[in-house]
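Working notes, beginning with the structure itself.
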Amino acid sequence: MDNLLAKTLHGLEDVLSRELESIGAVNIIKGRRSVSFDGDNEVLYRANYCLRTALSVLKPLYQFKIDKTQDLYSRSTVFPWEEIMGAGQTFSIVPVVKSTLFNHTGYPALVLKDAIVDRFRKKTGRRPSVDLKEPDIVFNCHINEKRVNISLDSTIVPLFKRGYRLYQSEAPLNEVLAAGIIMKSGWDMMSPLLDPMCGSGTIAIEAAMMARRIPPGQKRQFFGFMNWPDYDHGLFKKVRRDAKLKIAPLQTQVYCRDISPQNIRIARSNIKSAGLEADIRTGIEDFLDTESAGRPLTIIMNPPYGERMEISDIEKLYEGIGERLKHGYPGSTAWLISSNREALKKIGLKPSEKHTLYNGKLEVKLMKYDLYRGSARDAG
């Protein structure tokens with residue numbers, strides 16, 4: 001069993017922990033934008049192939065303390081890097097530095113690179129090359145004041161890159177964030193789900209994949225662990241085979257709507273790329289003119305935040321969303337994600353839950369609204 005670390009977005013640590021438990025990880029401990037856990041190679045492979053809310057999975061290699069900048073080189077040259085990679089492989093280093101010992105965050109990466117190369121020259125007479133674009137091996141160098149943690153990146157290409165997105169709308173939602181929102185919503189995967197402002201279709205695609213138990217890594221051809229000396233191709237084939245056997249038909253309806261014909265064209269292309277044309281119903285529609293026809297739905301929407309709109313227009317839009325939810329979708333549950341706090345007040349409904357997340361660098365609020373039958377229950 002190895003100690004491993006799954007990186008995620010702020011606010012998704014709880015759902016990631018539940019995912020890790022479901023794939024057989026043990027000793028799960030939530031951190032800040034990360035969750036540590038223990039697992040063997042099979043769990044490591046599953047984590048990369050099956051986790052929906054992880055960005056990457058790191059394998060800690062070497063931890064030590066430094067008192068001055070020169071210690072980073074001297075301590076790093078004693079580690080057996082030649083057991084981790086071959087001299088013919090390429091590598092890169094991702095520095096994450098919060099230390100008063102270093103004036104530039106990129107400097108520790110150069111020091112560690114020199115230490116690795118010099119160690120190889122001394123032990124093998126050869127040296128590996130650095131490749132910043134498509135490295136075989138990626139090391140994560142995390143320095144917090146005097147504590148240094150060096151890890152292997154088992155993912156390299158971030159896990160939100162599922163491989164199905166061919167095109168994107170103006171402000172696409174990160175796939176990991178979309179999956180996390182769906183999980184936090186508590187959607188039972190049996191009742192209908194609607195994204196009425198779908199953009200690139202990410203929420204609908206992630207929901208359909210989740211409901212059908214399609215692994216998010218199914219379309220990916222590469223993971224970082226494939227270049228490790230202990231990579232077990234047979235074991236990874238087993239992980240993929242086991243995941244494929246769990247795929248099941250969709251038991252409900254997933255609706256993907258947008259007022260923009262261009263967005264619907266983009267969403268349809270991505271849905272087709274994901275192989276979900278038969279599972280997601282798309283259509284051009286103005287949400288402000290719709291209703292549920294009496295069927296309770298789970299509604300998840302990512303409306304415009306207003307960066308390119310007049311204040312009066314964005315507030316009018318959010319006011320319209322609130323009115324439509326109140327009068328058109330009785331018995332449904334709505335989840336809205338937005339960074340515009342003032343506009344959210346115009347919804348006119350009292351949220352039953354609030355969560356803080358991040359869409360890129362933007363802090364956003366995820367709000368839950370219970371739409372009761374026969375009563376709007378306005379918050380004022």
Side-chain angles (χ1 to χ4, degrees), residues 160-182 185 187 192-211 214 216 219 250 252-292 297-310 313-325 328-329 332 334-340 343-344 346-347 357-360 362 364-367:
F160 71 81
K161 295 187 177 181
R162 316 284 206 220
Y164 63 71
R165 182 182 281 178
L166 301 178
Y167 309 99
Q168 62 186 42
S169 57
E170 197 170 63
L173 200 64
N174 180 292
E175 291 84 341
V176 164
L177 179 58
I181 290 170
I182 296 164
S185 78
W187 180 49
L193 183 140
L194 165 67
D195 178 1
M197 298 181 180
C198 69
S200 302
T202 307
I203 290 173
I205 292 171
E206 291 294 322
M209 289 178 65
M210 198 178 300
I214 297 172
K219 293 182 71 68
L250 192 69
T252 186
Q253 293 84 42
V254 174
Y255 299 99
C256 183
R257 304 281 194 253
D258 202 286
I259 194 173
S260 164
Q262 180 181 356
N263 282 351
I264 288 298
R265 285 194 295 270
I266 290 172
R268 285 172 176 164
S269 296
N270 292 335
I271 289 166
K272 183 177 181 181
S273 174
L276 297 169
E277 310 101 296
D279 299 309
I280 300 175
R281 301 183 185 184
T282 62
I284 301 168
E285 191 172 72
D286 183 350
F287 177 66
L288 304 187
D289 295 329
T290 66
E291 60 182 27
S292 67
L297 303 170
T298 296
I299 302 167
I300 301 177
M301 72 169 77
N302 178 36
Y305 301 165
E307 291 93 337
R308 303 173 185 86
M309 298 173 66
E310 296 290 335
D313 291 337
I314 193 68
E315 291 185 349
K316 184 178 179 182
L317 172 63
Y318 277 61
E319 186 176 340
I321 290 171
E323 287 295 318
R324 184 48 29 203
L325 289 174
Y329 292 85
S332 296
W335 293 81
L336 269 69
I337 180 171
S338 178
S339 66
N340 195 324
L344 280 169
K346 297 297 181 179
I347 293 293
L357 304 171
Y358 278 84
N359 186 4
L362 276 178
V364 294
K365 293 295 181 182
L366 176 64
M367 316 287 270

**Message:** Does atom NZ (K365) have a neighbourhood of more than 12 heavy atoms from anything else shown, all under 6.0 Å?
**Reply:** yes
**Request:** Report, as yes or no, whether the 6.0 Å neighbourhood of atom CD on Q262 holds more than 12 heavy atoms from other residues, nucleotides or ligands.
**Result:**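 Counting other residues, nucleotides and ligands, CD of Q262 stays at 12 neighbours or fewer.
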Would a 4.5 Å heavy-atom cut-off, applied to side chains only, mark [X] and [Y] as touching?
X: P304; Y: M197; value: yes
X: L276; Y: Y164; value: no
X: P196; Y: R324; value: no
X: M301; Y: I321; value: yes
X: L325; Y: F287; value: yes

**Message:** Please enumerate all residues that pass salt bridge (charged side-chain N to carboxylate O under 4.0 Å, His left out) together with R165, with sequence neighbours excluded.
**Reply:**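 Salt bridge (charged side-chain N to carboxylate O under 4.0 Å, His left out) list for R165, sorted by chain: E175.
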**Message:** Going by salt bridge (charged side-chain N to carboxylate O under 4.0 Å, His left out), name the residues that satisfy it together with E315, two or more places apart in sequence or in a different chain.
**Reply:** none
**Fill in**
Sorted by chain and number, sequence neighbours left out, side chain to side chain donor-acceptor pair (under 3.5 Å) with T290 holds for Y329
**Prompt:** Between L344 and Y318, what is the shortest heavy-atom contact and its length?
**Reply:**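 Heavy-atom minimum between the residues: N-CD2, 3.8 Å.
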**Prompt:** Is the side chain of S200 donor-acceptor paired with the backbone N or O of T202 at a distance under 3.5 Å, no angle test?
**Reply:**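 The answer is no, because no donor-acceptor pair under 3.5 Å joins these two groups.
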**Message:** Tell me every residue that passes side chain to side chain contact (heavy atoms under 4.5 Å, CB included) with K316, counting only those two or more places apart in sequence or in another chain.
**Reply:** none
**Item:** With I259 via side chain to side chain contact (heavy atoms under 4.5 Å, CB included) - residues at least two apart
**Value:**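 Testing I259 for side chain to side chain contact (heavy atoms under 4.5 Å, CB included), a comparison that skips the adjacent residues, returns D286.
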**Donor on one side chain, acceptor on other, N359 and Y305, under 3.5 Å** = yes
**Message:** As a quick check of understanding, evaluate side chain to side chain contact (heavy atoms under 4.5 Å, CB included) for V254 and D279, giving each step before the final call.
**Reply:** CA-CA 7 Å; V254 174; D279 299 309; over 6 Å; no
**Request:** Begin from the C-alpha positions of L317 and D313 and carry the test side chain to side chain contact (heavy atoms under 4.5 Å, CB included) through to its verdict.
**Result:** CA-CA 6 Å; L317 172 63; D313 291 337; over 6 Å; no
**Message:** Which residues pass the ring pair (Phe, Tyr, Trp, His ring centres under 6.0 Å) test with Y358, not counting sequence neighbours?
**Reply:** H10
Interatomic spacing from [atom1] in [X] to [atom2] in [Y] - rounded to 0.5 Å:
X: K346; Y: I314; atom1: NZ; atom2: CD1; result: 12.5 Å
X: D258; Y: C198; atom1: CG; atom2: SG; result: 4.5 Å
X: E285; Y: S260; atom1: CD; atom2: OG; result: 13.5 Å

**Option among N302, I203, L173 that satisfies the side chain to side chain contact (heavy atoms under 4.5 Å, CB included) test with D195** =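 Considering N302, I203, L173, a side chain to side chain contact (heavy atoms under 4.5 Å, CB included) with D195 is found only for I203.
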